[in-house]
Trainee: 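Dropping a structure here in structure tokens format, bear with me for questions.
The shown structure was predicted, so the numbers you read here are calculated from the model rather than taken from an experiment.
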Amino acid sequence: MDYNIDGLAPVVITNKIEITERVFIYQFKRAFNFEAGQVIGISVFDNTDEKMPRMYSIASGNNDELVSILFNVKETGWLTPLLAKKEVGDTIYITAPSGNFLDNNESAFWIATGTGIAPFHSMLQSGSSGQKTLIHGARKLDSFYFEDSFLNVNHLSYIRCCSQEEGNSIYFGRLTQYLKEYNNLPHDQKYYLCGVPEMVVEVRDILIDKGVPYQQIVAEIYF
Amino acid sequence: MKQELLGKTLKELQEIVGELGLPKFTAKQIADWLYKKDIQSIDEMSNLSKKARQLLNEQFEIGYVAPVKVQTSVDGTKKYLYPTATDKFIEAAYIPDKDRATLCVSSQIGCKMGCLFCMTAKQGFQGQLSTGQIINQIKSLPEFEKLTNIVYMGMGEPFDNIEGVMKSTEILTSDYGFGWSPKRITVSTIGIIPAMRTFLANSKCHLAISLHTPFDEERKEIMPIQNVYPISEIIDELRSYEFTQHRRVSFEYIMFKGINDSSKHVKELARLLNGLNCRINLIRFHPIPGTPLEGTSIEKMEQFRDQLISKGIMTTIRKSRGEDIFAACGLLSTKELLKKQEGDH
Ligand SMILES: Cc1cc2nc3c(=O)[nH]c(=O)nc-3n(C[C@H](O)[C@H](O)[C@H](O)COP(=O)(O)OP(=O)(O)OC[C@H]3O[C@@H](n4cnc5c(N)ncnc54)[C@H](O)[C@@H]3O)c2cc1C
Ligand code: SF4
């Protein structure tokens, strides 16, 4: 990829999917390599003079032909309302992939709320090995993004916690409540947390309170 | 709701007077009243025409907000609480020390960065502070006249509010504003690289980086930002700037018992910082509720300091101030007030 002096390169949107209200998956052709769990910066401009790109976890597998990102629109925000107006065929600008929130290919817990599920989807699609327990928290039943990919995977135990709606095989309550009720959390596995700061900090406190060494907790905060 | 004039840069004041159809020089006059004098209302801006004051009054107010509460420590440190229009609170710590008086200001309400050892992290993020709200912590301080230094080390990550930091430091250091030397101001960050670049390219104020451990894996465990902006990249970036007595870079290093206080750490710090003109401030850890971390003893800290000095790194141990009133480093939080508010509603 040819990145310009501000570290940005153009890509053309090939698919735009609104998976639930104001939550989108955008896809574009992959012309770079990355490790599952990494992020890219995105802007609607080809420079950083006025605004810095925002960061997004790559949600697709590292061998997929298309790169996917998943985002929800913050109506008072800068980038996401503009990004949501883009259509298939439009150009957006991305930075090179970066970041160290990487899979360990061992047994581990993956804990996410909202769009924080994206890096775990990438890890799964990239052939993550090891027994994983994925706990995803959302308010509404339609917000378990990528749930079809996570259901019925042999080495994945997939738990959905929905705080506002009841559903079949879904824990009714907040993810933090689910964790508080979880007995015998292993102390020798890594816990990967991804999502908004409040969730990460609260979950980390719960895990530590349950005896998980803080060194086993790896957090990616969507600040 | 009226907009606050406090916190407007000269350029923004020029835009405002332009829109109101007032002469251009009015902007400089308003800046004088805001930043060099002490008035409580727009009506007191006596060198402005009556029409100008009337037009301003229709849309603006000065924006001073007095602190609603102060707690005083046995060591003289004071923690001030400022209210906001959204019922949230801002904390600032006033730290007198011999011939210096430092104000530690907040840049956000709460913080998003989630550092394991920090009380502010536990309250989450409630919002950005406007430039006016940052300047107000300074200008509405009862001890304003005594202040010699400002440090951006209160609640929040300053570089996650780069606009507020750049504008407020401009106002503090410009001739039209407070006219302070940038040497009196230090901005402290965990190292958000793009914003740090903007700061280094456009400001002459000192920079402090929260380092806390030179090892990647260890830093990841206590500071999630390490996944995004590793310390080695931050240091590489710093190497392309010149640091002197006029603009210093320092590193903050909170000491955790058995975690980051070994000779292995001294060695790695020396390697990491090799060739960079900098200093390290060692800080005692003030345990927060539920923390798995403990502070290193003062004797061990002194040994660590001496080892670093012997490696040629200027190192000091920061005096701990205001511990009894939770004003010390890493202890600022208005979470209890938020909870009380939620209970009240
Ligand atoms: C490493 C990393 C990975 C990320 N990955 C993703 C991803 O995969 N998908 C995704 O959707 N987002 C992700 N984000 C978040 C993303 O980068 C943007 O911050 C987000 O999309 C909002 O951008 P914006 O420009 O629209 O809003 P902004 O202009 O940045 O601000 C949004 C609005 O919300 C407010 N606000 C911002 N944060 C908070 C908060 N925590 N609590 C309350 N109010 C807040 C702001 O004050 C503002 O009003 C990631 C962030 C990081 C750091
Ligand atoms: S140490 Fe600073 S950056 Fe980290 S959570 Fe606390 S206030 Fe935020």
Side-chain angles (χ1 to χ4, degrees), chain A residues 6-8 35 37-41 43 47-57 74 76-78 95 97-102 104 116 119 187 190-223, chain B residues 108 110-128 156-157 159-163 190 192-199 201 213 215-233 256 258-259 288-294 333 335 338:
Chain A
D6 286 335
L8 292 162
E35 286 185 73
Q38 288 197 304
V39 298
I40 49 172
S43 182
N47 62 70
T48 54
D49 299 349
E50 293 291 320
K51 291 281 185 188
M52 288 296 167
R54 300 293 195 247
M55 281 185 189
Y56 295 88
S57 303
K74 294 226 164 153
T76 57
W78 166 64
T95 66
S98 64
N100 294 302
F101 186 70
L102 307 176
N104 64 351
H187 295 175
K190 289 271 182 220
Y191 291 77
Y192 289 82
L193 321 182
C194 185
V196 294
E198 292 71 20
M199 178 290 270
V200 168
V201 170
E202 206 182 333
V203 167
R204 190 175 58 194
D205 278 353
I206 294 170
L207 297 178
I208 290 171
D209 193 46
K210 284 182 166 280
V212 175
Y214 77 87
Q215 291 93 336
Q216 299 285 31
I217 304 169
V218 190
E220 179 90 314
I221 292 185
Y222 283 0
F223 59 81
Chain B
Q108 298 182 309
C111 186
K112 300 178 200 159
M113 301 301 149
C115 302
L116 181 65
F117 46 82
C118 174
M119 198 65 186
T120 313
K122 292 202 183 245
Q123 106 172 48
F125 177 74
Q126 280 83 41
Q128 297 290 14
E157 162 51 44
F159 287 173
D160 192 40
N161 182 7
I162 186 67
E163 198 180 322
I190 57 171
I192 298 186
I193 293 177
M196 188 174 86
R197 273 187 205 127
T198 305
F199 174 81
T213 170
F215 293 109
D216 277 356
E217 282 307 307
E218 266 175 26
R219 196 163 183 268
K220 243 170 131 168
E221 289 162 5
I222 55 174
M223 300 172 77
I225 194 73
Q226 175 74 11
N227 281 322
V228 185
Y229 300 119
I231 190 68
S232 52
E233 283 181 25
F256 305 108
I259 307 287
I288 57 171
T291 178
L293 303 165
E294 282 178 70
S333 166
K335 186 172 182 180
L338 285 173

Trainee: Give the minimum heavy-atom separation between Phe223(A) and Ile192(B), together with the two atoms involved.
Mentor: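 It is CE1-CD1, 4.4 Å.
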Trainee: With a 4.5 angstrom heavy-atom cut-off, could you sort out which part of Val200(A) is near chain B: side chain, backbone, both or neither?
Mentor: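 When you check distances to chain B, no heavy atom of Val200(A) falls under 4.5 Å.
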Trainee: Please classify the contact between Gln226(B) and chain A as side chain, backbone, both or neither, with a heavy-atom cut-off of under 4.5 Å.
Mentor: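 For Gln226(B), the contact with chain A is made by the backbone alone.
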Trainee: Using a 4.5 Å cut-off on heavy atoms from C-beta on, say whether the side chain of Asn100(A) contacts that of Pro230(B).
Mentor: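 Yes, close enough: below the 4.5 Å cut-off.
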Trainee: Identify which part of Ile162(B) has an atom lying under 4.5 Å from any heavy atom of chain A, answering side chain, backbone, both or neither.
Mentor: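 For Ile162(B), no heavy atom lies under 4.5 Å from chain A.
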Trainee: For each of Gly114(B), Cys111(B), Gly124(B), Gly110(B), tally heavy-atom pairs with chain A at distances under 4.5 Å, and name the one with the top tally.
Mentor: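 Answer, by heavy-atom pair count under 4.5 Å with chain A: Gly114(B).
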Trainee: Where do Ile221(A) and Lys112(B) come nearest, in terms of heavy atoms and distance?
Mentor: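 Scanning both residues, the minimum pair turns out to be CG2-O, 3.2 Å.
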Trainee: Heavy-atom distances under 4.5 Å only: say whether Thr198(B) touches chain A with side chain, backbone, both or neither.
Mentor: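 Just the side chain, heavy atoms under 4.5 Å.
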Trainee: Find out whether Val228(B) and Glu220(A) are in side-chain contact, i.e. whether some heavy atom of one side chain is under 4.5 Å from a heavy atom of the other.
Mentor: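 When only atoms from C-beta onward are counted, Glu220(A) and Val228(B) do touch, with a gap below 4.5 Å.
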Trainee: Side chains of Phe125(B) and Val196(A): closer than 4.5 Å at any heavy-atom pair?
Mentor: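 Side chain of Phe125(B) against side chain of Val196(A), heavy atoms only: no contact under 4.5 Å found.
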Trainee: Does any backbone or side-chain atom of Met55(A) lie under 4.5 Å from a heavy atom of chain B? Answer side chain, backbone, both or neither.
Mentor: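 Met55(A) touches chain B through side-chain heavy atoms alone.
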Trainee: Under a 4.5 Å heavy-atom cut-off, does chain B meet the side chain of Asp209(A), its backbone, both or neither?
Mentor: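 For Asp209(A), no heavy atom lies under 4.5 Å from chain B.
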Trainee: At a heavy-atom distance under 4.5 Å, which candidate from Leu116(B), Asp160(B), Asp216(B), Leu293(B) has the highest pair count against chain A?
Mentor: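 Counting heavy-atom pairs under 4.5 Å, the top option is Leu116(B).
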Trainee: Quick one: of Glu198(A), Arg204(A), Gln215(A), who has the most non-hydrogen atom pairs under 4.5 Å with chain B?
Mentor: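 Most heavy-atom pairs within the cutoff with chain B belong to Arg204(A).
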Trainee: Of the non-hydrogen atoms in Val218(A) and Lys220(B), which two are nearest, and what is the gap between them?
Mentor: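 Minimum heavy-atom separation between Val218(A) and Lys220(B): CG1-CE, 4.2 Å.
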Trainee: For Met223(B), which atoms come within 4.5 Å of any heavy atom of chain A: side chain, backbone, both, or neither?
Mentor: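 Looking at Met223(B), nothing touches chain A.
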Trainee: Of all heavy-atom pairs between Pro224(B) and Ala219(A), which one has the smallest distance, and what is that distance?
Mentor: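 Heavy-atom minimum between the residues: CB-O, 3.6 Å.
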Trainee: Answer whether the closest heavy-atom distance between the side chains of Ile222(B) and Tyr214(A) falls below 4.5 Å.
Mentor: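 Sidechains of Tyr214(A) and Ile222(B): in contact.
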